[in-house]
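Worksheet: one structure, shown below.
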Number of protein chains: 2
Amino acid sequence: MAGIKDVAQVAGVSVATVSRALSGRGSVSASAQEAVQRAAAELGYVVSSSASGLASGRTRNVGVLVPVINHWFYASVLEGISRRLMDEGYDTTLYQLTKDRGQREKVFSDFLLRQRVDAVIAVNVELNSEEVQALHALDKPLVGVGGPLPGVPTLHVDDEGISALATEHLISLGHRRIGFIGGNEETDVDFRVPSHRRTGYEQALHDAGIAVDENLCVGADFTMPQAYAVAKQLLGNPASRPTALMAASDEMAIGAILAARDLGMQVPRDLSVIGVDNHDLAEMFGLTTIEQRPHEQGELAVAMLLRAIRGEEPAHAHKVDHRLVVRSSTSRPLDAA
Amino acid sequence: MAGIKDVAQVAGVSVATVSRALSGRGSVSASAQEAVQRAAAELGYVVSSSASGLASGRTRNVGVLVPVINHWFYASVLEGISRRLMDEGYDTTLYQLTKDRGQREKVFSDFLLRQRVDAVIAVNVELNSEEVQALHALDKPLVGVGGPLPGVPTLHVDDEGISALATEHLISLGHRRIGFIGGNEETDVDFRVPSHRRTGYEQALHDAGIAVDENLCVGADFTMPQAYAVAKQLLGNPASRPTALMAASDEMAIGAILAARDLGMQVPRDLSVIGVDNHDLAEMFGLTTIEQRPHEQGELAVAMLLRAIRGEEPAHAHKVDHRLVVRSSTSRPLDAA
DNA sequence: ATGAAAGCGCTAACAG
DNA sequence: CTGTTAGCGCTTTCAT
C-alpha cells in the first residue's frame with residue numbers, strides 16, 4: 001500500500017506538496033499538481049483516513065442516526081443521504097437507535113465520541129435534552145430531518161399543513177363525515193409526526209365548520225396491517241361510517257382501502273381515501289395523496305451539513321415542500337352526486 | 001476532550017497501561033485495571049478512532065455494500081448487521097452501489113481503500129472479478145450475503161430449494177397448471193436470485209412429470225406494482241390461466257393476489273398463490289410463503305466476519321434455513337375438489 | 001505487570 | 001509556491 005512518501009518521491013516533490021495537491025488546501029503550482037496527480041494515480045495512492053483524520057481533525061465521514069431502517073421513509077431518506085454524501089466524497093456511518101436504552105446510551109456515550117464523524121444527521125429521532133447536549137458537546141454540525149428538535153436546525157415537512165391540505169381536499173369534494181387514521185402513543189414517540197397531522201386535520205375541519213367526531217378518529221402504528229385492522233373496525237358499521245378517510249401515511253391509507261374492499265365497499269364510490277407520502281405503492285392503488293420526497297430531504301440535509309462543515313453558514317431550519325397528487329381514490333360522496 | 005494521558009495521570013499509571021487496560025490486550029493487574037476504569041469513566045474518556053486506528057491498524061468499523069436500501073430484504077439485512085455490529089462495539093459504514101458506473105468504481109478505488117474498515121460485507125451485489133480482486137487486495141475479511149460470489153465466502157438461502165419447495169407445495173395440493181412470476185434481466189443482475197428460483201420451479205415440475213409451459217412464466221422486477229401488471233396479463237384469459245401461481249417474492253405474490261381479485265377471482269378458490277420471504281405484509285394477505293429471515297442473515301454475516309477478524313477461522317460459506325409457512329392463499333384446485 | 005519511547009501516515013505551521 | 005518538521009493520540013515493542 002503506497003504512502004504519501006512514495007507519491008512524493010515519484011512526483012519529485014515533498015510530502016507537504018503532495019498533501020496540498022491532493023487535498024486542495026494551500027496553493028500548488030500547476031506542474032506540481034500535475035506530477036502529484038500522475039504519481040498518485042500510478043501508485044494507486046489513497047489517503048489513509050486514520051492518519052488524515054488524526055492530523056487534521058477531519059474524517060470525511062458523517063454519522064446518521066435512525067430509529068429503524070426497514071421502513072419506506074427512513075430507507076428513502078437514508079438513500080438520499082448516502083448518495084449525496086458519496087458524491088461529496090464522504091462516508092456514511094449508520095447508528096441505529098433501538099428501543100434498548102442501554103444501546104441507545106452507548107451511542108451517545110461511546111460511538112459518537114470516537115471522533116469518527118465530522119457531523120451528525122438525526123432522522124426522526126426524538127432526542128432528549130441530554131442527548132442533544134451530548135451532541136452539542138461534540139462541537140460538530142448537527143441537523144435533524146423530521147424535527148422539530150429543540151436547539152437543532154431541522155429539515156422537515158409541514159405536517160400540519162399537509163394534513164390540513166389533505167382534509168381540505170376531501171372537504172372540497174363535498175365530504176362532511178371524514179375519518180382519520182393517525183398514529184398511536186408508541187409511534188408518536190419516535191415519529192413526532194402523528195399528533196401534528198391530527199392537528200392539521202382538526203384545523204381543516206374546524207375551518208370548514210365541521211365538528212370533530214372522536215368516533216371517526218382511530219390510531220395505528222403506520223403499518224398497512226394495523227391500519228387495515230382499525231379501518232375495518234371503523235368502517236364496519238354502515239350506519240356510522242364516514243364517507244371519506246384521511247390516513248397519516250400512504251401505507252395506512254392502502255390498508256384502509258383494502259379493508260373497505262373486504263367490506264364490499266367501492267373506493268372512491270363508497271369511500272374516498274387520501275394518504276400522505278406518495279409511496280412507491282400509491283400509484284398502483286390509485287391513491288390520492290400528499291407527496292413528500294424523502295430522498296430530497298436526505299439530500300437537502302447533507303447540503304445543509306456540508307455548508308456548516310465548511311463554515312459557510314450555521315445551518316438553520318428549512319421547510320420542505322409538499323404537494324397534492326390527485327388520483328382515483330377520492331371523489332365526491334355518493335349522496336352529493 | 002480527555003485524552004489517554006489524562007486518564008493515565010488520574011489513574012496514576014502510564015499511558016501504556018491505560019491502553020492495555022482499556023483494550024484488553026496485554027496483562028494488567030487488577031488494581032491498575034480498576035483504577036484505569038474508574039479514571040476513564042470519571043473523565044468520560046473515549047478512545048479516538050483515528051489515533052487508535054492509525055497506531056493499531058484496527059478501526060472497529062465494517063463496511064457494508066448494498067445495491068439499494070429501500071427494499072424489504074436489504075433494509076432487513078442491514079438492520080441485522082448494524083444491530084449486531086453495534087453489540088460488538090463496531091460501527092457500520094454504508095456504501096451504496098448504484099447503477100452509476102463512475103460512483104461504483106470510486107467505491108472500490110477510493111472509499112474502500114481509505115482504510116476506514118476492518119472488513120466488508122457485500123449484500124447481494126454482483127461483484128465482478130476486478131471488484132473482488134480489489135477487495136481481496138485490501139486483505140480484509142470479506143463475506144457476502146446472498147451470493148454466490150466467486151472466491152468469496154457467502155451466506156445465502158438455497159434459492160433453488162426454496163422455489164422447489166414452494167412448487168412442490170402447490171403440486172401436492174393437486175395443481176398441475178402452475179404459473180411462475182420471476183425476475184427479469186434487470187433484476188437478475190443485482191439479485192442473482194431470479195434464475196435460481198426459476199430453476200427450482202422447473203425442477204419441481206419436472207420431478208412431478210409436469211411439463212414447463214412457457215406461457216405460464218412471466219417476469220417482473222420484484223415489486224408489487226409490476227407483478228400486479230404481469231399477473232393481470234397472465235390471468236386475464238380464463239381459458240389459459242393457471243390454477244396456481246408461485247412468485248419469487250412475497251411482494252410480487254401480493255401483487256398477483258390483487259390482480260386476481262381485480263379480475264374477479266377468489267384466492268385460493270380460483271387461484272392459489274405462494275410467495276417467498278415471509279414479508280411483513282404476508283400475514284395480512286394470508287399469504288402462504290417460504291420464509292427466509294434477512295435479519296438473521298445479517299446477524300450471521302457479522303458473526304462470520306468477527307470470527308475472521310479475530311483470526312479464529314477463515315470464514316466459509318454457510319447456508320441459511322428456510323421453511324414453509326402455510327396460510328390461506330393456497331388450497332386444492334377447484335376441479336379437484 | 002509496567003513504563004519509556006518509537007512510530008503509525010498524514011497535516012499544518014513555519015521559514016524561506 | 002515549496003520543503004522541513006513538529007505533532008495529532010494512540011499502540012506496541014523492548015526493557016525492566
Side-chain angles (χ1 to χ4, degrees), chain A residues 1-37 39-40 43-61 89 110 113-118 138-140 309 311, chain B residues 1-37 39-40 43-61 89 110 113-118 138-139 309:
Chain A
M1 186 121 272
I4 197 173
K5 282 185 188 164
D6 304 306
V7 179
Q9 190 159 17
V10 171
V13 297
S14 71
V15 294
T17 297
V18 174
S19 176
R20 283 189 283 250
L22 260 27
S23 70
R25 314 191 143 236
S27 34
V28 177
S29 69
S31 63
Q33 180 68 250
E34 154 82 15
V36 169
Q37 222 95 55
L43 297 173
Y45 170 76
V46 176
V47 55
S48 151
S49 62
S50 300
S52 172
L54 178 56
S56 71
R58 282 172 267 109
T59 63
R60 294 194 80 75
N61 184 29
D110 282 20
L113 303 184
R114 303 218 256 242
Q115 315 200 69
R116 198 194 285 293
V117 302
D118 286 341
L138 278 181
D139 200 32
K140 308 264 181 225
I309 287 177
Chain B
M1 185 121 271
I4 198 174
K5 282 185 189 165
D6 304 306
V7 179
Q9 189 159 19
V10 171
V13 297
S14 70
V15 294
T17 298
V18 174
S19 176
R20 284 189 281 250
L22 260 27
S23 69
R25 315 190 142 236
S27 36
V28 176
S29 68
S31 62
Q33 180 68 249
E34 154 82 17
V36 169
Q37 222 95 55
L43 297 173
Y45 170 76
V46 176
V47 52
S48 151
S49 61
S50 299
S52 171
L54 178 56
S56 71
R58 282 171 267 108
T59 63
R60 294 193 80 75
N61 184 28
D110 281 21
L113 302 184
R114 303 216 255 242
Q115 315 199 66
R116 198 195 284 293
V117 301
D118 287 340
L138 278 181
D139 199 32
I309 288 177

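First the proteins, then the strands, lettered A, B, ... as listed; each starts at 1. Below, all heavy atoms of this structure are taken into account, side chains as well, without hydrogens, waters or symmetry copies.
- For the residue pair B:Thr59 and A:Arg116, the shortest heavy atom distance occurs at O-NH2, 2.5 Å.
- Residue A:Ser19 has no polar side-chain atom (N or O) positioned under 4.0 Å from OP1 or OP2 of C:dC10.
- Atom CD of A:Gln33 sits in a crowded spot, with more than 12 heavy atoms from other residues, nucleotides or ligands closer than 6.0 Å.
- C:dG9 atom P lies 21 Å from atom CZ of A:Arg60, rounded to whole Å.
- Taking the side chain of B:Val13 as heavy atoms from C-beta on, and the options D:dT11, D:dG3, C:dG3, the nearest nucleotide is C:dG3.
- Heavy-atom distances to DNA chain C give each of A:Ala16 and B:Ser31 a nearest nucleotide, and the one nearer the 5′ end belongs to B:Ser31.
- Rounded to an integer number of Å, the gap from B:Asp118 CG to D:dT11 P is 13 Å.
- Side-chain N/O atoms of A:Ser50 and A:Ser48 include no donor and acceptor closer than 3.5 Å.
- Rounded to whole Å, atom P of C:dG9 lies 8 Å from atom CD of B:Gln115.
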Show the distances under 3.5 angstrom between N or O atoms of the protein and N or O atoms of nucleotides 6-8 of chain C.
from	atom 1	to	atom 2	distance (Å)
C:dC8	O2	B:Ala55	N	3.4

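- Taking atom CD1 of residue A:Ile4 and atom C1' of nucleotide D:dT2, one finds them 14 Å apart after rounding to whole Å.
- Across the protein-nucleic acid pair, A:Arg25 atom CZ and C:dA12 atom C1' stand 10 Å apart, rounded to whole Å.
- Of the candidates C:dT2, D:dT11, C:dC10, C:dC10 carries the atom nearest the A:Val47 side chain, counting heavy atoms from C-beta on.
- If you measure from atom CD of A:Glu34 to atom P of D:dC1, you get 16 Å, rounded to the nearest angstrom.
- Looking at which nucleotide of DNA chain C each of A:Gly53 and B:Val28 is closest to, the 5′-most match is held by B:Val28.
- Rounded to whole Å, atom P of C:dT11 lies 8 Å from atom CG of A:Leu22.
- The nearest pair of heavy atoms linking B:Leu22 to B:Ala40 is CD2-CB, 4.4 Å.
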- Query: Between A:Val36 and A:Val13, does a side-chain contact (heavy atoms from CB on, under 4.5 Å) hold up when you go through it step by step?
  - Reply: CA-CA 8 Å; A:Val36 169; A:Val13 297; 3.9 Å; yes
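- For B:Ser50 and D:dG9, the shortest distance from a side-chain N or O to OP1 or OP2 is not below 4.0 Å.
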Could you walk me through whether A:Ile4 and A:Val47 satisfy the side-chain contact (heavy atoms from CB on, under 4.5 Å) test, starting with their C-alpha distance in whole Å, then the side-chain angles of each, then the deciding distance to 0.1 Å, before giving a yes or no? CA-CA 7 Å; A:Ile4 197 173; A:Val47 55; over 6 Å; no
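- Closest heavy-atom contact between A:Arg114 and B:Arg60: NH2-O, 4.3 Å.
- Residues A:Ala32 and A:Thr17 come closest through the heavy atom pair CB-CG2, 4.1 Å.
- For the pair A:Ser14 and D:dT4, the criterion of a side-chain N or O lying under 4.0 Å from OP1 or OP2 is not met.
- Within the 4.0 Å cut-off from OP1 or OP2 of D:dG3, at least one side-chain nitrogen or oxygen of A:Thr17 is found.
- Residue B:Ser29 places at least one side-chain N or O closer than 4.0 Å to OP1 or OP2 of C:dT2.
- Atom CZ in B:Arg20 sits roughly 16 Å away from atom C1' in D:dG9 (whole-Å rounding).
- Contacts of B:Arg114 with the nucleic acid, taken as non-hydrogen atoms under 4.0 Å apart, are absent.
- Within the nucleic acid shown, A:Ser27 comes within 4.0 Å of at least one base atom, counting heavy atoms only.
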